[in-house]
Number of protein chains: 2
Amino acid sequence: MSSILKKCNELGLKMTDQRKVIVEVLSNSKDHPDVELVYKRASEIDKNIGIATVYRTIRLFEENKIIEKHEFKDGRFRYEEVPDEHHDHLIDIRNGKVIEFQNDEIENLQKRVAQQLGYELVDHRLELYGIPIKDKK
Amino acid sequence: MSSILKKCNELGLKMTDQRKVIVEVLSNSKDHPDVELVYKRASEIDKNIGIATVYRTIRLFEENKIIEKHEFKDGRFRYEEVPDEHHDHLIDIRNGKVIEFQNDEIENLQKRVAQQLGYELVDHRLELYGIPIKDKK
DNA sequence: TTAACTGCAAACATTTTGCAACCGT
DNA sequence: ACGGTTGCAAAATGTTTGCAGTTAA
C-alpha cells in the first residue's frame with residue numbers, strides 16, 4: 001500500500017474512486033508533475049475525473065502535508081510526495097530534470113544563519129540550478 | 001540618479017513618463033513588492049498608469065536583469081532591484097517581512113554539492129522561513 | 001518622423017466556487 | 001441516511017494581447 005494512501009487513511013479521509021486514482025498517479029510520479037500533468041495522467045486511468053477535483057484533491061493533500069508544492073524557476077507549481085527524509089533539489093536547466101540531494105552541513109548552516117539573525121528556522125527552500133559538467137563548453 | 005535608471009540608459013531603453021514612475025517606485029521600495037503593489041504605488045504618483053504597462057515594464061526589466069523575481073511561499077511573485085552583492089532571504093512567516101543576508105560558507109557548499117552531483121552551479125535559490133526567537137512560545 | 005510605447009478592453013490561462021447529483025462510511 | 005465529494009459551468013484571479021492613439025529620440 002502506498003505511503004500516500006496510508007496517510008489518507010490515518011487522516012480518515014473519505015477515499016472516493018477519484019481520490020484513489022489521484023493517489024495512484026502521485027505515488028507513481030517521480031518527476032514532480034504539475035496539476036495539469038496529474039490531471040492528464042489521472043484522466044488516462046479514469047476518463048471522467050474533473051480538473052476541479054484534481055485541484056481540490058491536491059490542495060487537500062497539500063494542506064495535510066501529504067504532498068509538497070514546489071515552484072522551480074519554470075513558472076509552474078509542481079508536486080511531490082512528502083519524503084521520509086528531507087531533501088533539496090538540483091534542477092538541470094537544460095531539461096528541467098530534478099535531482100534530489102541531502103546535505104547536513106548546509107542544513108546546519110541554515111539553522112545557524114537564522115539564529116544569528118534572531119530567528120528560529122521553521123522551514124526553508126534550497127534549489128540549485130546547474131548544467132552537467134561534461135556538457136560544459 | 002538611481003541605479004535602475006542608470007541601467008535603463010545603458011540599455012538604451014526609451015524612458016517614457018510611465019517608466020520613470022515605475023523606476024522611481026522600484027528604487028524606493030525596500031519591501032519586495034508584487035505587481036499589484038507596484039501598480040498601486042505608481043498610481044499614486046501618476047493616476048493614469050495602466051496595469052498592463054506595469055506588467056510590461058516589469059517583464060522588460062526582469063528580462064534585462066534590472067530587477068529580480070521572487071516567489072516566496074506566500075504565493076505571489078515579488079520583485080526587487082538586482083543587488084550589487086548577491087544575497088539570500090529570510091522571511092518572517094508571521095508578517096512576510098523579508099531580511100536579506102549573505103553567507104559565503106553556504107555559497108561555497110552549494111557549489112561543492114552541485115559539483116559532487118556532476119553539475120556546474122549556474123544559479124540558486126535559498127530562502128529561510130523563521131519566527132523571531134523572542135516571540136517563541 | 002517613426003518605431004516603440006501606452007491605455008483600454010477583450011482575451012487568455014489558471015484556479016476556485018456554487019450547485020444539484022452522487023457516494024463512502 | 002447523510003455529510004462529504006463530484007462534475008459541470010460560471011466566476012474569480014492574474015496576466016497578456018490587439019489596436020488605435022501617443023510620445024521619446
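Remember, predicted model here, so these are calculated numbers, not experimental data. Every heavy atom of this structure was used, including side-chain atoms; hydrogens, water molecules and symmetry mates were not. Every chain is numbered from 1 and lettered A, B, ... according to where its sequence line falls, protein lines coming before strand lines.
- Taking atom CZ of A:R76 as the reference point, atom C1' of C:dT15 lies 16 Å away to the nearest angstrom.
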Name every donor-acceptor pair, under 3.5 Å, that has one atom in a side chain of residues 56-67 of chain A and the other anywhere in the protein, sequence neighbours excluded.
unit_1 : atom_1 : unit_2 : atom_2 : d
A:T57  : OG1    : A:T53  : O      : 2.7
A:N64  : ND2    : A:L60  : O      : 2.9

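- Looking at B:C8 and B:M15, their side chains come closer than 4.5 Å, going by heavy atoms from C-beta outward.
- A:L37 places a side-chain heavy atom less than 4.5 Å from the side chain of A:R41.
- Residues of residues 13-26 of chain A that place a heavy atom closer than 4.0 Å to DNA chain D, in numerical order, are A:K14, A:T16, A:Q18, A:R19.
- Around the CG atom of B:N95, the shell of radius 6.0 Å holds more than 12 heavy atoms that belong to other residues, nucleotides or ligands.
- Computed from coordinates, the A:E71 CD to D:dG14 P distance equals 16 Å when rounded to whole Å.
- No side-chain donor-acceptor contact under 3.5 Å links B:R78 to the backbone of B:P33.
- One can place CZ of B:R78 at 19 Å from C1' of D:dT15, the figure rounded to the nearest angstrom.
- Shown for residues 55-65 of chain B: residues whose heavy atoms fall under 4.0 angstrom of DNA chain D, namely B:Y55, B:R56, B:R59.
- When all heavy atoms of A:Y129 and A:F72 are compared, the pair lying nearest together is OH-CA, 3.6 Å.
- Considering only heavy atoms from C-beta on, A:E100 stays 4.5 Å or farther from A:K30 through its side chain.
- Shown here are the side-chain hydrogen bond (donor to acceptor under 3.5 Å, both in side chains) partners of B:E24, two or more places apart in sequence or in another chain: there are none.
- Of all the residues in residues 27-51 of chain B, B:N48, B:I49, B:G50 reach under 4.0 Å from DNA chain C with at least one non-hydrogen atom.
- By the neighbour-count criterion of 12 heavy atoms within 6.0 Å, atom NZ of B:K97 is sparsely surrounded, having that number or fewer from other residues, nucleotides or ligands.
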Could you list the donor-acceptor pairs under 3.5 angstrom formed between side-chain atoms of residues 105-112 of chain B and any protein atom two or more places apart in sequence or on another chain?
unit_1 : atom_1 : unit_2 : atom_2 : d
B:E107 : OE2    : B:H86  : NE2    : 3.2
B:N108 : ND2    : B:D104 : O      : 3.3
B:Q110 : OE1    : B:H124 : ND1    : 3.3

